[in-house]
Amino acid sequence: MELQDKNVFVTGSTRGIGLAIAKAFAQEGANIVLNGRKEISEELIAEIKNFGVNCIGVSGDISDFSSAKQMIEQAQEQLGDIHVLVNNAGMNNDKLLLRMKEEDFESVIKVNLTGTFNMTQPLLKKMMKQKQGVIINMASVSGLMGNMGQANYAASKAGVVGFTKTVAKEAASRGITCNAIAPGFISTDMTAALSDKVKTQINETIPLQHLGNPEDVAQTAIFLAQNPYITGQVISVDGGLTI
Ligand code: NAI
């Protein structure tokens, strides 16, 4: 898809990977809908507008279906049709399964997996009528390989992979693509909590020997949005971790 003047909704775009994705699309001339649970700051909106594009902030919780639907309607009222949806918002709450409470499991599934459904389902109806659209979901290598302490997170991201492939099949006849990106370890607030010792241990397991940057993931989102013949795929951006 040619991205100039297209409208792109990036969930969880107040920081980290989501913000890098929003900036990368803005650089391509696309208008941006920023989203996070809290109100989006005017400074952040101005930063995106500096790319010479339109930008609005739509705050709300993606894990709540009616809130997700409302956010999409609000974005459509202000910008018009949404052409690209990036389901990036996500959270983790790591602990070994034996210590994991029901609430620890459910809360992560509700944001990462149900949140992806909540945003995609109402927007897909519109995209099917438009006969165009791009959906990009944020999975994780944890969803492909499993990871100690992440039974909830890995299950949610494996769910995102299955969801992605199914949406790709159901929407393909209308020219809509749906793909997932599976980042490895990327330097953001999510990984900042790791100690230097753990980071060194992680680097030893990564063939390219360092954590990735949010921009590495953002570039991949642009590539997927621009390519009309890739759908139902999971692209790992992981420094070779899953080789
Ligand atoms: P982050 O924690 O820095 O940012 C997450 C963003 O999502 C924030 O803007 C936050 O406000 C938003 N968010 C969280 N829950 C939300 C909700 N219920 N409703 C609306 N917004 C919500 O995270 P980071 O590292 O930028 O990760 C982005 C995505 O990439 C997530 O889906 C994460 O699981 C995935 N990922 C990250 C990796 C990493 O190493 N950082 C590795 C693999 C996947």
Side-chain angles (χ1 to χ4, degrees), residues 1-36 40-60 62 68 71-90 115-116 119-120 122-124 126-127 130 132-139 160 164 167-168 171 175-183 186-190 212-231 233-235 237:
M1 179 185 279
E2 162 61 47
L3 296 174
Q4 180 81 33
D5 299 325
K6 293 293 192 304
N7 299 323
V8 180
F9 196 130
V10 188
T11 66
S13 43
T14 57
R15 59 175 196 242
I17 294 172
L19 182 56
I21 291 174
K23 286 181 181 171
F25 275 100
Q27 202 153 18
E28 296 293 325
N31 304 313
I32 305 296
V33 185
L34 290 175
N35 157 260
I40 316 297
S41 75
E42 285 305 320
E43 288 81 5
L44 208 52
I45 292 173
E47 212 180 314
I48 299 290
K49 282 186 172 169
N50 270 341
F51 287 95
V53 300
N54 200 354
C55 177
I56 61 167
V58 172
S59 57
I62 60 154
M71 290 194 288
I72 289 164
E73 283 164 6
Q74 194 187 331
Q76 283 167 337
E77 270 162 31
Q78 292 185 50
L79 284 185
D81 289 341
I82 302 298
H83 305 97
V84 179
L85 169 65
V86 184
N87 283 309
N88 165 77
T116 299
M119 292 297 295
T120 307
L123 188 55
L124 187 63
K126 201 80 204 295
M127 284 181 170
Q130 290 164 211
Q132 64 167 342
V134 169
I135 300 164
I136 298 169
N137 299 324
M138 209 50 70
V160 166
T164 301
V167 173
I176 297 162
T177 64
C178 180
N179 291 287
I181 302 175
I186 308 293
S187 296
T188 67
D189 287 359
M190 201 177 260
N213 294 312
E215 291 71 26
D216 300 326
V217 181
Q219 267 181 18
T220 313
I222 299 292
F223 165 74
L224 287 172
Q226 286 175 332
N227 195 313
Y229 204 58
I230 298 179
T231 197
Q233 303 305 307
V234 184
I235 313 286
V237 180

Return the minimal non-hydrogen interatomic distance between [X] and [Y], and the atom names on each side.
{"X": "A168", "Y": "T231", "answer": "CB-OG1, 3.4 Å"}
{"X": "G36", "Y": "T14", "answer": "CA-CG2, 4.0 Å"}
{"X": "I45", "Y": "G57", "answer": "CD1-N, 3.7 Å"}
{"X": "A22", "Y": "I32", "answer": "O-CD1, 3.4 Å"}
{"X": "A26", "Y": "I48", "answer": "CB-CG2, 4.0 Å"}

Taking the side chain as C-beta and beyond, is there a heavy-atom pair between [X] and [Y] under 4.5 Å?
{"X": "C178", "Y": "I176", "value": "no"}
{"X": "I82", "Y": "Q76", "value": "yes"}
{"X": "M127", "Y": "I135", "value": "yes"}
{"X": "N54", "Y": "L79", "value": "yes"}
{"X": "I21", "Y": "I136", "value": "no"}
{"X": "T188", "Y": "R15", "value": "no"}
{"X": "L3", "Y": "I222", "value": "yes"}
{"X": "N31", "Y": "K6", "value": "no"}

- Message: Test salt bridge (charged side-chain N to carboxylate O under 4.0 Å, His left out) on E47 and K23; report intermediate values, then the result.
- Response: CA-CA 9 Å; E47 212 180 314; K23 286 181 181 171; 2.9 Å; yes
- Message: Distance alone, cut at 3.5 Å: any donor-acceptor contact between the side chains of T164 and N137?
- Response: yes
Would you find a donor on one side and an acceptor on the other, under 3.5 Å apart, between the side chain of [X] and the backbone of [Y]?
{"X": "Q233", "Y": "I235", "result": "no"}
{"X": "T177", "Y": "V134", "result": "no"}
{"X": "N88", "Y": "G12", "result": "yes"}
{"X": "S13", "Y": "N35", "result": "yes"}
{"X": "N179", "Y": "I230", "result": "yes"}

Between [atom1] of [X] and [atom2] of [Y], what distance do you get to the nearest 0.5 Å?
{"X": "E77", "Y": "I56", "atom1": "CD", "atom2": "CD1", "value": "9.5 Å"}
{"X": "N87", "Y": "I181", "atom1": "CG", "atom2": "CD1", "value": "11.5 Å"}
{"X": "M138", "Y": "T11", "atom1": "CE", "atom2": "OG1", "value": "8.5 Å"}
{"X": "H83", "Y": "M1", "atom1": "NE2", "atom2": "CE", "value": "6.5 Å"}
{"X": "F9", "Y": "M119", "atom1": "CZ", "atom2": "CE", "value": "3.5 Å"}
{"X": "L19", "Y": "E215", "atom1": "CG", "atom2": "CD", "value": "9.0 Å"}

- Task: Step by step, work out the side-chain contact (heavy atoms from CB on, under 4.5 Å) result for I72 and K126.
- Result: CA-CA 10 Å; I72 289 164; K126 201 80 204 295; over 6 Å; no
